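By convention here, the first residue in the shown sequence is residue 1. The figures here come from the full heavy-atom set of this structure, side chains too, leaving out hydrogens, waters and symmetry mates. Bear in mind that the values here come from a model prediction, so they are computed numbers and not experimental data.
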Amino acid sequence: MEIAITIVQLICSIILILTVLFQSGSKQGLGAIDGISESFSKGKSKDIDGKLRVLTIIVGILFVITTVALNVISLSK
């Protein structure tokens, strides 16, 4: 059981890293300093960023659950 949870945690960590890297950065803060706003990036990129954000949250929660499960298993030995 411990090996299966460890494999799930490894897969979650890889997916979590990739989803964070594929998200577009929020450049609104830098644009506010220079007075530049990017209003042309509407549409499909917003949908992809939204899906990546939701996937990041789901995989992050699964990663935390597997971490807690592995700690409980290791303490029960």
Nearest-0.5 Å distance that lies between atom CD1 in I58 and atom CZ in R53 = 12.0 Å
How many angstroms lie between atom OG1 of T6 and atom CD1 of I11, to the nearest 0.5 angstrom?
->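 It is 11.0 Å, given to the nearest 0.5 Å.
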Where I5 and T66 come nearest, the two heavy atoms and their spacing =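 Closest approach of I5 to T66, heavy atoms only: CG2-O, 3.8 Å.
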Would you name the heavy atoms of T67 and Q9 that are closest together and state the gap between them?
->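 That would be OG1-NE2, 2.6 Å.
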Are [X] and [Y] in one and the same hydrophobic cluster, where Ile, Leu, Val, Met, Phe, Trp and Tyr link if side-chain heavy atoms are under 4.5 Å apart?
X   : Y   : value
I14 : L52 : yes
I65 : I57 : yes
I48 : F22 : yes
V72 : V8  : no
I7  : L16 : yes

Got a sec: does the CG of L21 have more than 12 other heavy atoms crowding it under 6.0 Å?
->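 Atom CG in L21 is crowded, with more than 12 foreign heavy atoms closer than 6.0 Å.
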Could you check if a side-chain atom of L10 sits within less than 4.5 angstrom of a side-chain atom of S13, using non-hydrogen atoms only?
-> yes
Step-by-step side chain to side chain contact (heavy atoms under 4.5 Å, CB included) determination, T19 to V59 = CA-CA 9 Å; T19 56; V59 174; 5.7 Å; no
